[in-house]
> 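One structure coming up, written as structure tokens, with questions to follow.
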Amino acid sequence: SVLLLRACVALLAWPIYLMSFLGIWEPFCRKIFFPFFLDKIGVVHDRKSKKHKQELFRNLPDFRGPSGELRLLEIGTGSGSNFQFYPPGCRVTCTDINPNFQEGLSKNMRKNQHLYYEQFLVAAGEDLRQVPSGSMDAVVCTLVLCSVTSVSSTLREVLRVLRPGGAFYFLEHVAAEHSSWRYFWQQVYYPTWKLVFAGCCLTRELWKNLEEAKFSELKIQHISVAMPWMPIEPHIVGYGVK
């Protein structure tokens with residue numbers, strides 16, 4: 001039944017599959033569709049997750065370095081919707097594999113002038129070679145681990161760039177309970193969803209990757225973020241300390 005329904009969903013999305021076959025969809029998605037979609041859906045997700053983010057980032061100032069400054073790296077910054085939650089004086093380095101979020105990013109930078117913006121790096125989470133080892137007090141990653149090529153490689157890079165005692169903050173959508181209808185529909189939508197939304201995977205059990213990473217302390221909470229007509233309600237939120 002999953003395969004049959006996958007075929008039905010693919011049939012409905014056949015123009016996108018055709019564009020992908022012709023090599024048109026990926027550049028269009030990265031440059032136009034995905035930044036536009038993320039800007040629109042991000043407003044809804046930010047509203048639904050605001051309390052969770054406020055609670056998540058509340059202890060960020062506790063991880064200031066010996067100099068008293070907080071140097072923060074955000075992986076997959078997008079349009080910068082997390083800036084509002086960072087403490088005043090925080091020095092932010094932005095990274096994203098997709099450089100096409102300039103409009104939204106510039107708008108959020110103007111709105112959040114309590115921060116210092118160090119640089120913007122076009123880089124994948126699995127390859128942060130432009131960031132020196134042990135140079136960050138905190139690393140933030142929200143709604144990004146679902147679409148990286150390798151979760152384990154990304155977490156290794158996170159641990160590399162963090163100083164000892166630094167923290168990795170995350171909020172990610174994850175696979176639902178395997179016995180649930182929600183997981184059934186995540187399986188149905190999986191191939192088409194991944195194609196349409198720039199590699200986003202619906203069924204990753206990211207808490208397992210985090211538990212396998214070498215954090216000295218790890219706090220994970222499973223929560224629900226209700227998104228209308230979207231199979232991404234189950235989330236995890238928390239932080240790990242190097």
> With a cut-off of 6.0 Å (strictly less than), are more than 12 heavy atoms of other residues, nucleotides or ligands near CD of Glu118?
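Yes, enclosed.
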> Let's go through Lys208 and Glu211 carefully: what are the C-alpha distance in whole Å and the side-chain angles of both, what is the deciding distance for salt bridge (Lys or Arg N to Asp or Glu O under 4.0 Å) to 0.1 Å, and is it a yes or a no?
CA-CA 5 Å; Lys208 294 181 179 180; Glu211 288 166 355; over 6 Å; no
> Among Leu60, Val139, Thr93, Asp137, find the one that has a side-chain contact (heavy atoms from CB on, under 4.5 Å) with Leu72.
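For Leu72, the side-chain contact (heavy atoms from CB on, under 4.5 Å) check succeeds only for Leu60.
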> Please collect all ring pair (Phe, Tyr, Trp, His ring centres under 6.0 Å) contacts where either partner lies in residues 58-112, sequence neighbours excluded, each pair once.
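Qualifying pairs, neighbours excluded: Phe57-Tyr86, Phe83-Tyr117.
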> Could you tell me whether a side-chain N or O of Glu172 sits under 3.5 Å from a main-chain N or O of Val144, the two making a donor and an acceptor?
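Yes, the answer is positive, given that a donor and an acceptor are paired below the 3.5 Å cut-off.
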> Dump the intermediate steps for side chain to side chain contact (heavy atoms under 4.5 Å, CB included) on Leu105 and Met109, then the final yes or no.
CA-CA 6 Å; Leu105 186 63; Met109 283 179 167; 4.1 Å; yes
> Is a donor on one side and an acceptor on the other found under 3.5 Å between the side chain of Glu126 and the backbone of Thr149?
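Yes; judged by distance alone, with no hydrogens or angles, the pair exists.
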> Using a 4.5 Å cut-off on heavy atoms from C-beta on, say whether the side chain of Cys141 contacts that of Phe168.
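In short, these two side chains touch, coming nearer than 4.5 Å.
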> Which distance, rounded to the nearest 0.5 Å, do you find between the CG of Leu155 and the CG of Leu206?
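Between Leu155 CG and Leu206 CG, I get 8.5 Å after rounding to 0.5 Å.
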> Out of Lys51, Lys53, Arg58, which one pairs with Glu55 under the salt bridge (charged side-chain N to carboxylate O under 4.0 Å, His left out) rule?
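With Glu55 as partner, salt bridge (charged side-chain N to carboxylate O under 4.0 Å, His left out) holds for just one option, Arg58.
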> Could you go through residues 22-44 and list every donor-acceptor pair under 3.5 Å that involves a side-chain atom there, pairing it with any protein atom two or more places apart or in another chain?
from  : atom 1 : to     : atom 2 : distance (Å)
Trp25 : NE1    : Leu195 : O      : 3.1

> Apply the test side chain to side chain contact (heavy atoms under 4.5 Å, CB included) to residues Ile236 and Ile223: give CA-CA distance (whole Å), side-chain angles for both, the deciding distance (0.1 Å), then the verdict.
CA-CA 6 Å; Ile236 56 170; Ile223 62 172; over 6 Å; no
> If you compare all heavy atoms of Leu162 against all heavy atoms of Lys242, which two are closest, and at what distance to 0.1 Å?
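Looking at all heavy atoms of both residues, the closest pair is O-NZ, 2.7 Å.
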> Is there a donor-acceptor contact under 3.5 Å from the side chain of Asn98 to the main chain of Asn100?
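At least one qualifying donor-acceptor pair exists.
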> Using every non-hydrogen atom in the two residues, find where Tyr190 and Cys201 come nearest and quote the distance to one decimal.
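What the structure gives for the nearest pair is OH-SG, 3.6 Å.
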> Write down the atom of Arg6, the atom of Gln187, and the distance for their closest heavy-atom approach.
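Looking at all heavy atoms of both residues, the shortest contact is NE-O, 2.7 Å.
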> Testing the basics here: between Leu70 and Pro87, what is the closest heavy-atom pair and its distance to 0.1 Å?
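The answer is CD2-CG, 3.7 Å.
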> Side-chain contact, heavy-atom cut-off 4.5 Å: Asn82 with Val140?
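A side-chain contact exists here, since the closest heavy-atom pair is under 4.5 Å.
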> Can you tell me how far NZ of Lys48 sits from CG of Asp46, rounded to the nearest 0.5 angstrom?
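These two atoms lie 12.5 Å from each other.
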> I'd like to know if Val196 and Phe21 are part of one continuous hydrophobic network [Ile/Leu/Val/Met/Phe/Trp/Tyr, side-chain heavy atoms within less than 4.5 Å].
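Yes; Val196 is reachable from Phe21 via cluster members.
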> Hey, is the main chain of Pro231 close enough, under 3.5 Å, to the side chain of Gln186 for a donor-acceptor pair?
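At least one qualifying donor-acceptor pair exists.
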> Should Cys146 and His173 count as side-chain neighbours, where that means a heavy-atom distance under 4.5 Å?
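Counting from C-beta outward, Cys146 and His173 do come under 4.5 Å.
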> Find out if a path of hydrophobic residues (ILVMFWY) with successive side-chain heavy-atom gaps under 4.5 Å connects Val188 to Met227.
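Yes, same cluster.
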> Taking atom CD of Gln119 as the centre, does the number of heavy atoms from other residues, nucleotides or ligands within less than 6.0 Å exceed 12?
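Enclosed.
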> Mind checking side-chain hydrogen bond (donor to acceptor under 3.5 Å, both in side chains) for Thr192 and listing every partner two or more places apart, or none if nothing turns up?
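With neighbours one apart ignored, the set is Tyr17.
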> Tell me, with the steps shown, if Ser79 and Ser81 meet side-chain hydrogen bond (donor to acceptor under 3.5 Å, both in side chains).
CA-CA 6 Å; Ser79 59; Ser81 62; 5.2 Å; no
> Indicate, with yes or no, if Leu218 and Leu159 share a hydrophobic cluster defined by side-chain heavy-atom contacts under 4.5 Å among Ile, Leu, Val, Met, Phe, Trp and Tyr.
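Looking at the clustering, Leu218 is in the same group as Leu159.
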> Could you walk me through whether Thr142 and Tyr169 satisfy the side chain to side chain contact (heavy atoms under 4.5 Å, CB included) test, starting with their C-alpha distance in whole Å, then the side-chain angles of each, then the deciding distance to 0.1 Å, before giving a yes or no?
CA-CA 8 Å; Thr142 61; Tyr169 289 79; over 6 Å; no
> To the nearest 0.5 angstrom, please state how far the OG atom of Ser150 sits from the CG atom of Asp127.
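The CG atom of Asp127 is 11.5 Å from OG of Ser150, to the nearest 0.5 Å.
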> Does Tyr183 offer a backbone N or O that forms a donor-acceptor pair with the side chain of Ser180 under 3.5 Å?
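Side chain of Ser180 to backbone of Tyr183, a donor-acceptor pair under 3.5 Å: yes, one is there.
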> If you draw a 6.0 Å radius around CZ in Phe184, do more than 12 non-hydrogen atoms from other residues or ligands fall strictly inside?
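Counting neighbours around CZ of Phe184, more than 12 heavy atoms of other residues, nucleotides or ligands fall under 6.0 Å, so yes.
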> Is it true that a side-chain atom of Glu157 and a backbone atom of Leu128 form a donor plus acceptor pair closer than 3.5 Å?
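Checked: pair present.
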> Please report the interatomic distance CH2(Trp207) to CG(Leu210), rounded to the nearest 0.5 Å.
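Output value for this atom pair is 10.5 Å.
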> Indicate yes or no for a side-chain donor-acceptor contact from Thr95 to the backbone of Glu74 under 3.5 Å, with no hydrogens or angles considered.
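At least one qualifying donor-acceptor pair exists.
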> Let me see the working for Glu177 and Arg182 under salt bridge (Lys or Arg N to Asp or Glu O under 4.0 Å), right down to the final yes or no.
CA-CA 8 Å; Glu177 288 285 340; Arg182 186 170 289 115; over 6 Å; no
> Using the rule given for salt bridge (Lys or Arg N to Asp or Glu O under 4.0 Å), can you reason through Lys219 versus Glu217, listing the C-alpha separation, both sets of side-chain angles and the distance that settles it, and then say yes or no?
CA-CA 7 Å; Lys219 296 184 182 296; Glu217 178 186 352; 3.6 Å; yes
> Is the centre of the Phe197 ring less than 6.0 Å from the centre of the Trp193 ring?
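Judged by ring-centre distance (under 6.0 Å), Phe197 and Trp193 do meet the cut-off.
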> If we ignore hydrogens and angles and just use 3.5 Å, is the side chain of Ser49 paired with the main-chain N or O of His45 as donor and acceptor?
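Checking the backbone N and O of His45 against the side chain of Ser49, a donor-acceptor pair under 3.5 Å is found.
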> Quick one: does His235's side chain have a donor or acceptor within less than 3.5 Å of a partner on Ile232's backbone?
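Between the backbone of Ile232 and the side chain of His235 there is a qualifying donor-acceptor contact (under 3.5 Å).
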> Any side-chain heavy atom of His52 sitting closer than 4.5 Å to one from Leu171?
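His52 reaches Leu171 side chain to side chain.
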> Would you indicate whether the side-chain heavy atoms of Ile97 and Val122 approach each other to under 4.5 Å?
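No. Closest side-chain heavy atoms not under 4.5 Å.
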> Compare all side-chain heavy atoms of Leu56 with those of Phe170 and state whether any distance is below 4.5 angstrom.
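They are not in contact (no side-chain heavy atoms under 4.5 Å apart), so the answer is no.
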> Do Leu3 and Leu5 share a hydrophobic cluster, counting only Ile, Leu, Val, Met, Phe, Trp and Tyr and linking them when any side-chain heavy atoms are less than 4.5 Å apart?
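In one cluster: no.
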> For Asn112 and His114, run side chain to side chain contact (heavy atoms under 4.5 Å, CB included): C-alpha distance rounded to whole Å, both residues' side-chain angles, the deciding distance at 0.1 Å, then the answer.
CA-CA 5 Å; Asn112 294 280; His114 64 290; 3.4 Å; yes
> Would you check if the side chain of Lys194 reaches a backbone N or O of Cys200 as a donor-acceptor pair within less than 3.5 Å?
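Flag not set: sc Lys194 to bb Cys200 has no pair under 3.5 Å.
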> Are the side chains of Tyr189 and Val9 in touch, meaning some heavy atoms are under 4.5 Å apart?
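Heavy-atom side-chain distance check passes, below 4.5 Å.
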> Using every non-hydrogen atom in the two residues, find where Ala198 and Ser147 come nearest and quote the distance to one decimal.
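Result for this residue pair: O-CB, 4.0 Å.
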> Atom CZ in Arg129, atom CZ in Arg160: separation rounded to 0.5 Å?
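If we round to the nearest 0.5 Å, Arg129:CZ and Arg160:CZ are 9.5 Å apart.
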> Would you say Leu73 and Phe215 are hydrophobically clustered, going by side-chain heavy atoms of ILVMFWY under 4.5 Å?
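Same cluster: Leu73 reaches Phe215 through Ile, Leu, Val, Met, Phe, Trp or Tyr contacts under 4.5 Å.
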> Taking C-beta and beyond as the side chain, do Val131 and Met136 meet within less than 4.5 Å on heavy atoms?
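Yes, side chains in contact.
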> Measuring from Leu145:CG to Asn209:CG, what's the distance to the nearest 0.5 Å?
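So the CG of Leu145 and the CG of Asn209 are separated by 8.0 Å.
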